[in-house]
Amino acid sequence: MGAWAIAVHGGAGVDPNLPKERQEEAKRLLIHCLDIGISALRSNLPAIDVVELVVRELETDPLFNSGRGSALTENGTVEMEASIMDGPRRRCGAVSGLSTIKNPVSLARLVMDKSPHSYLAFSGAEDFAKKQGVELVDNEYFITEDNVGMLKLAKEANSILFDYRIPTVGTCGAGAAAMESPLQMNGLPISVYTPETVGCVVVDKEGRCAAATSTGGLMNKMTGRIGDSPLIGSGTYACDLCGVSCTGEGEAIIRSTLAREVGALMEYKGLNLHEAVDFVIKNRLDEGKAGLIAVSKNGEVACGFNTTGMFRGCATEDGFMEVGVW
């Protein structure tokens with residue numbers, strides 16, 4: 001019997017001028033989700049069940065960019081994506097292009113458990129959801145007043161909004177900021193806005209690791225765009241050694257297969273969890289901006305990011321608990 005550990009995140013790339021009340025609101029939600037996970041782990045729930053449970057809670061709250069409150073496409077609709085992975089046998093499930101599924105992470109779990117496939121998208125995923133009897137809602141359920149306003153801002157700036165809620169400049173200057181931003185995605189300039197994807201990683205008392213990630217993607221993204229969150233090995237990865245969930249500039253995470261890199265360094269180089277996380281953040285992001293949370297089979301927990309901040313929280317069986325932004 002080992003020691004359990006859990007970590008959650010609500011996105012990397014936090015604006016340095018983020019209002020204090022927003023910071024505290026985010027911390028409260030992260031603490032709430034950690035409490036849910038801790039209670040489940042103390043009840044001996046397997047790691048794969050705990051990550052699904054926690055991410056469902058994050059999807060239900062509109063604060064972060066997943067489920068209700070997801071970022072909007074260029075057409076003002078929601079196209080959500082999620083993935084989940086069970087470390088012991090590296091079983092996985094992923095979904096993309098969802099517009100009516102209340103909890104995308106649970107559909108990803110069903111793809112893993114109830115289908116012969118690992119990844120379903122768009123109409124195929126929606127049809128599978130109906131056959132499985134999952135809870136469906138109208139697309140309007142996911143659309144918040146804040147996101148409608150931010151999509152308008154993005155269109156006026158003719159830009160994809162990276163930190164889609166908290167502009168670094170006033171609204172009237174957003175267009176200029178988009179043009180002057182040094183940050184690029186696949187060689188094209190984008191505004192510096194937080195992605196706020198959510199994720200959870202867990203190792204239970206049996207040493208089983210699991211990971212799950214969920215997102216609405218980028219504000220004003222092209223319809224059909226798929227980011228790193230549903231891609232196994234990029235946004236999500238779990239094996240017998242660790243569980244990893246990533247957040248940030250999706251295209252950079254995809255190029256780096258960031259989540260898998262952590263496990264590969266532990267497996268092939270013999271690095272411990274903290275060494276592996278530190279290495280990939282410093283050396284595997286191709287100048288991209290991102291972060292990740294991770295646990296190891298030994299009950300270790302780690303996080304790393306090269307952005308100004310990352311909404312994150314973690315807890316271990318020995319009583320350690322921490323929630324941070326910067």
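Values below: all heavy atoms of this structure, side chains included; hydrogens, waters and symmetry mates excluded.
Of the inter-residue distances, the one linking Leu29 atom CG with Asp61 atom CG reads 4.5 Å to the nearest 0.5 angstrom. In this structure, Tyr141 OH and Arg68 CZ are separated by 5.5 Å, a value rounded to the nearest 0.5 Å. Rounded to the nearest 0.5 Å, atoms CG (Leu72) and NZ (Lys155) are 9.5 Å apart.
The minimum heavy-atom distance between Gly13 and Thr308, with the atom names listed, is C-OG1, 4.0 Å. When all heavy atoms of Glu59 and Lys102 are compared, the closest pair comes out as OE1-O, 4.5 Å. Of all heavy-atom pairs spanning Cys303 and Met310, the tightest one is CB-CE, 3.9 Å. Scanning all heavy atoms of the two residues, the minimum distance from Ala259 to Thr236 falls at CB-C, 3.8 Å. Across every non-hydrogen atom of Leu58 and Gly199, the tightest pair is CD1-O, 4.2 Å. Ala211 and Val201 get closest at one heavy-atom pair: CB-CG1, 3.8 Å.
Applying the 4.5 Å side-chain rule to ILVMFWY residues, one finds Leu241, Val244, Ile253, Leu258, Val262, Leu265, Met266, Leu271, Leu273, Phe279, Val280, Ile281, Leu285, Leu292 in the same cluster as Val277.
Annotation: side chain of Thr215 is not in contact with side chain of Ser70 (no heavy-atom distance under 4.5 Å). Side-chain contact between Tyr119 and Ser83: absent, with no pair of heavy atoms (C-beta onward) separated by less than 4.5 Å. Between Ser99 and Met80, the closest side-chain pair of non-hydrogen atoms is not below 4.5 Å. The shortest side-chain heavy-atom distance between Met219 and Leu151 falls under the 4.5 Å cut-off.
Tracing side-chain contacts under 4.5 Å through hydrophobic residues (I, L, V, M, F, W, Y), one reaches Phe311 starting from Val55; they form part of the same cluster. Residues Ile48 and Val203 fall into different hydrophobic clusters, defined by Ile, Leu, Val, Met, Phe, Trp and Tyr side chains chained together at heavy-atom separations under 4.5 Å.
Remark: the backbone N or O of Gly288 is paired with a side-chain donor or acceptor of Asn306 at under 3.5 angstrom. Panel note: side chain Asp204, backbone Gly207; a donor-acceptor pair is recorded below 3.5 Å. Glu317 places a side-chain N or O within 3.5 Å of a backbone atom of Trp4 that can act as its donor or acceptor partner. A side-chain donor-acceptor contact under 3.5 Å links Asn272 to the backbone of His274.
A salt bridge links Glu267 with Arg260; the closest basic N to acidic carboxylate O contact falls under 4.0 Å. Using a cut-off of 4.0 Å between Lys/Arg side-chain N and Asp/Glu carboxylate O, Arg28 and Glu25 are scored as not salt-bridged. In this structure, Asp49 pairs ionically with Arg109, as a charged nitrogen and a carboxylate oxygen lie closer than 4.0 Å. Salt-bridge formation is detected for the pair Arg284/Glu261: a Lys NZ or Arg NE/NH1/NH2 atom is positioned less than 4.0 Å from an Asp or Glu carboxylate oxygen. With respect to Asp278 and Lys282, a salt bridge is recorded, a charged nitrogen being found less than 4.0 Å from a carboxylate O.
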Taking distance alone, no hydrogens or angles, what donor-acceptor pairs closer than 3.5 Å link side-chain atoms of residues 84-95 to residues at least two apart or in another chain?
unit_1, atom_1, unit_2, atom_2, d
Arg91, NH2, Asp113, OD1, 2.5

inquiry  = What verdict does the salt bridge (Lys or Arg N to Asp or Glu O under 4.0 Å) test give for Glu251 and Arg225, after you've listed the backbone C-alpha separation in whole Å, the side-chain angles of each residue and the deciding distance to 0.1 Å?
reply    = CA-CA 11 Å; Glu251 277 64 13; Arg225 181 261 185 183; 2.9 Å; yes
request  = Test Glu126 against Thr100 for side chain to side chain donor-acceptor pair (under 3.5 Å), laying out the working first.
outcome  = CA-CA 8 Å; Glu126 297 270 347; Thr100 66; 2.4 Å; yes
